[in-house]
Every structure is written in structure tokens, then in C-alpha cells.
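The structure appears below as C-alpha cells.
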Amino acid sequence: MNTRFAARLLYTMLASGTLLLAGAVRADTSTQDAIAEYREMFGDDNPAELWQARGEALWHEARGPQKANLEACDLGLGPGVIAGAYAQLPRWFADTGQVQDLETRLVTCVTSLQGIPRDDFLKVKFGDGEKKSELEALTAYVVAASRGKPLTLPLKHPAEQAAFDLGKAVFRYRAGPHDFACATCHGEPGKRIRLQELPQLNTALGAREAYTHWPAYRISQGELRSMEWRLQDCFRQQRLPQLKFGSEVAIGLTMYLAKTAEGGVLAAPGIKR
Amino acid sequence: MTVSSVGVLLAATLLAASLQTVAEEDAPYPAAAMQRSFEAKKQAGMDRLTQDEVQALCTRYTTATLPPAEAERVQKQSLSSVKPPADGQYLGDFKRGEKIAQTGTGLQSSDDPTKPNGGNCYACHQLAASELAYGTLGPSLQHYGKLRGQTPAALEAAWRKLYNSQADVPCSNMPRFGHQKILDEQQLKDLMALLFDPNSPVNQ
């Protein structure tokens, strides 16, 4: 069976309550179990591989006004090194004078090496059925090259520490009509919203469980989603305005989550509801 | 030490210094960084990033860590915001209440602002036994009225909880539905009926 079709089928089952019905026997049945069942049925067959393959092709293809590929892109471990690079991001980059996560660093490479304008490249930040995101494909390709690597974030540069501190503060920042903060939903162990389990993201255990599987293929959307997507969607649920791509808060929260998850072994791209 | 490593060190020191001033400007931290990192989207305007006094306090503290003097201030201020129903009637229609409790939309940038907001109670609470997809951020409310009875004190306490959760539990994680105008008076009455009406699915 085509994996994408299988994913859709699972989602239809989730949405229609077919799987919830099974929950009548065990009231604590959750989406987590449904995803485990999906994994059992389809094994390692992760649709994210489609994004990885597209990303790999994009990486090697000469494109843009400079007709260059991305093989000289420095993700922190030297030009062209992608193995293990994601396990050490976000980090401070001397050439831009900024702390960058994977997504913003890819923007730097695409603009500087290929000469593609930032806004053109970012026109489709988050893809859908019709419009595919080059950023998401490249992200999947780079991330997969860190599978099995432990997250390592020494925070040696003061700007890295500042990003972490900002993320930590934002995590508890209560605002909006509902008074929500990240901590409202992710600050205690073993909680759920409806049947969705909420990782406790201010502990190593919870942060590892979550962070090491992102970016992830989202079954409910049939798309691969990045950490920047995850964060802006949680802010939407928080009733706050739109998180800007690559903003201080986006980088800070990513740094906070990654550092809290330090030592966790990367298994991304994962599969999520 | 080489010239370039001195340069890097100098740059790092300068950067650290400039970061410090940024952090100092951020009063209260991290409000200024929040302002720089968002843009208005539909009904979710930038004003939503600005905290009221209670939100600011409950960012620094939790219910458990809030100093007693501050706790008293939050409770007093929250209590004074609670408006009892104009006609003195606490109970509306439990069927409408159940629908409000089931509805998760309202006030998100992705929601239709012409539709009434939901209460999304099932996101955090168990209510009717037939609804298995309930969350656990709040306590179970199953058999709420059956267990407490319809005494004036029980009705008033539940109304306060819905209107402004912080009147009794400072820095509660439950939204202040009345105070923040998430729900209107009639919706709150319908939810009260869901909790207290003997025929409500919550009390079966």
C-alpha cells in the first residue's frame, strides 16, 4: 500500500472516531497508540523519505542566478559537512553574527551561494498539496544525516546562552485572552489535551521525546513539518499573533528545547499524528 | 594569541555587552523580544502580547510559588472582576452548554470571528461519561452537581471559577472566561447548567 494513502487512511480513522471506538474498552487509549499501530503496519516506511529525496536533489542541483549547488554550505561543521550538523544546531555563526537554527542557516546558504532572493526562497515556507516547500525538503535531507547522533549544545558563545535564556523566559510567558504560556500545556508530566499527549518540555525526558523526532511527517496533513512550523502552530493555539520566521523568539525557543533535550539521540524526521 | 583570535574575542565581548543592554531594555523581560518576533494576523493583534498585571505575576510565579502578599492581591483583583448574572439566574440550558464545552474554536487567528467562541472544556476536563476524548490539564468534573448539590454557595463558587478562575486559585491554568470576554453571560449560564442540571449528561 502506498504510504501516503495509508497515512490518510489512518487519519480518516482517527478523525471519524473508528479508533476512538476501540478506546471504549480502554478509556486511556490515545493517538500515541494509533501511531504505534501505524508504525507496526508500515515499519520504517516513513513518507518523510520523499522530502529527503527531494532535498538531496535540491542540494546538489546548480540553481539560482549564480548557478551553484549547496555543496559548499557551512552548517557549522565546515563547508559541505551535513553528517551530524543538525545535532549541533542552533549555534552562533561568525559570518552572519547570529545564532541560527537549521532553517535560517539554509536561507543564508541559498541566498549567499545561489543568489536566490530570501523572499523568493521563503515564498512557500510551509508546503501544502499543491505548493511544495523547498525549505522543508532541504530541512528533511539535512536532518536525516544526523540520525543516531546525540544532541550537543555547549552554549559556549554568549549569544547562544542569551538565546537559551530568552527561550526559557518565553516558555513561561503568559499572554493573550486565554492566559496561555507554553508551560500551561507542556509544564507538567503525563497530561493530555483531549487525547493528545503533551510532552513536558521543560524536562530532559520530555524534551528529548519531542525534539528528537522533529521535523516530522504529519499524518493529519500529509506534509513534512519543521520545528518552526510546530512553534508557530502552538502560538496560534495560544491565541497569539503570527510568529515571524527566524525571529529571536523562534530561535530562542528552539535553542531552549534543543538544550533541554541535550544528550537525546536524534531520530528525525519522525512521524506524528 | 593570533590577530584573528583577538578579533574574535573582541567581537564576542562587544556582542555580549550589546546583548546585556538589549536584555536591560526588555522590561519586563522578554516583552520587547516578543514584540519584535510577531506580526498581527487577522483577529490576533499585537496587543495580545502585552501582559496584564496578573499575567505578568503568573509568568514569574505559579500557584505554588506565588508569595502570599501577591496571592492575596491577585485574588482580590480577580474577585472584584466577577459579575454575577444580571437576573440572578445561574442556570441556562445544559444542551447548549454541552455544545459550548465541546467547541474548541474561538479567538485563534485561524478561527471565524463571526462565530461564537467555544469553551473547550473537554480539552482539559472530563465531563459527560460518554465523552472519552477528554484532556487532563484540569480535574474531572464528572457528577459535578450531583456531588455538590445546587446550594447557593456551590452555584456561586462555580460561577466565580468560570468567570475568573483566579479569584479562588491565583495563577490557575484555567482561562478567565468571563473576565477576558471569551464567553458571554448566556454561555456561562449554559455551562453552569451542564455542571448542575440533574438531567445534564455530566450528572448521569
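The sequence lines fix the lettering, A, B, ..., with proteins before strands; numbering per chain opens at 1.
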Check: Would you find more than 12 non-hydrogen atoms of other residues, nucleotides or ligands less than 6.0 Å from B/R60 atom CZ?
Finding: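 No - once you tally the heavy atoms of other residues, nucleotides and ligands closer than 6.0 Å, there are 12 at most.
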Closest-packed option against chain A by number of heavy-atom pairs under 4.5 Å, given [options]:
options	answer
B/D47, B/T136, B/V54, B/L107	B/T136
B/G104, B/C58, B/A40	B/C58
B/A123, B/G45, B/S37	B/S37

Is it the backbone or the side chain of [X] that comes under 4.5 Å from a heavy atom of chain B, or both, or neither?
X	result
A/A169	both
A/F235	side chain
A/Q242	both
A/Q238	neither
A/I251	neither

Notebook entry, point to check: Given B/D52, which of B/R176, B/H179, B/Q180 fulfils the side chain to side chain donor-acceptor pair (under 3.5 Å) condition?
Noted result: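 Per the side chain to side chain donor-acceptor pair (under 3.5 Å) rule, the option paired with B/D52 is B/R176, out of B/R176, B/H179, B/Q180.
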Item checked: Winner by heavy-atom pair count (cut-off under 4.5 Å) against chain B, out of A/I193, A/D179, A/T184, A/V249 ->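 Heavy-atom pairs under 4.5 Å are most numerous for A/D179.
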Check: Which one of A/P177, A/A183, A/A175, A/G176 has the most heavy-atom pairs closer than 4.5 Å to chain B?
Finding: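 If we count pairs closer than 4.5 Å to chain B, A/P177 comes out on top.
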Next item on the list: Could you label the plane-to-plane angle of the A/Y256 and A/F171 rings as parallel, tilted or perpendicular, counting under 30° as parallel and over 60° as perpendicular?
Entry: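 Rings of A/Y256 and A/F171: tilted, as their planes differ by 30° to 60°.
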Next item on the list: Would you confirm whether B/D111, through its side chain, and B/Q108, through its main-chain N or O, come within 3.5 Å as a donor-acceptor pair?
Entry: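 Pair found, side chain donor or acceptor close to backbone of B/Q108.
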Check: Looking only at atom types and distance, does a side-chain atom of B/R48 sit under 3.5 Å from a main-chain N or O of B/Q43, one as donor and one as acceptor?
Finding: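 At least one qualifying donor-acceptor pair exists.
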Contact origin within [X] toward chain A - heavy atom pairs under 4.5 Å:
X	result
B/I182	side chain
B/Q166	side chain
B/E131	side chain

Note to self: So if I apply the side chain to side chain contact (heavy atoms under 4.5 Å, CB included) rule between A/W92 and each of A/K156, A/H157, A/Q161, which one comes out positive?
What the structure shows: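 When A/K156, A/H157, A/Q161 are each tested with A/W92, the side chain to side chain contact (heavy atoms under 4.5 Å, CB included) holds only for A/H157.
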Item checked: salt_bridge(A/R236, A/D233) N-O dist < 4.0 Å ->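 Here A/R236 pairs with A/D233 in a salt bridge, since their nearest N and O are under 4.0 Å apart.
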Notebook entry, point to check: Would you call A/E262-A/K259 a salt bridge at under 4.0 Å N-O?
Noted result: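 Answer for the salt bridge query: yes.
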Check: Is the A/C182 SG less than 2.5 Å from the A/C234 SG?
Finding: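 Looking at A/C234 and A/C182, their sulfur gamma atoms do not lie closer than 2.5 Å, so the answer is no.
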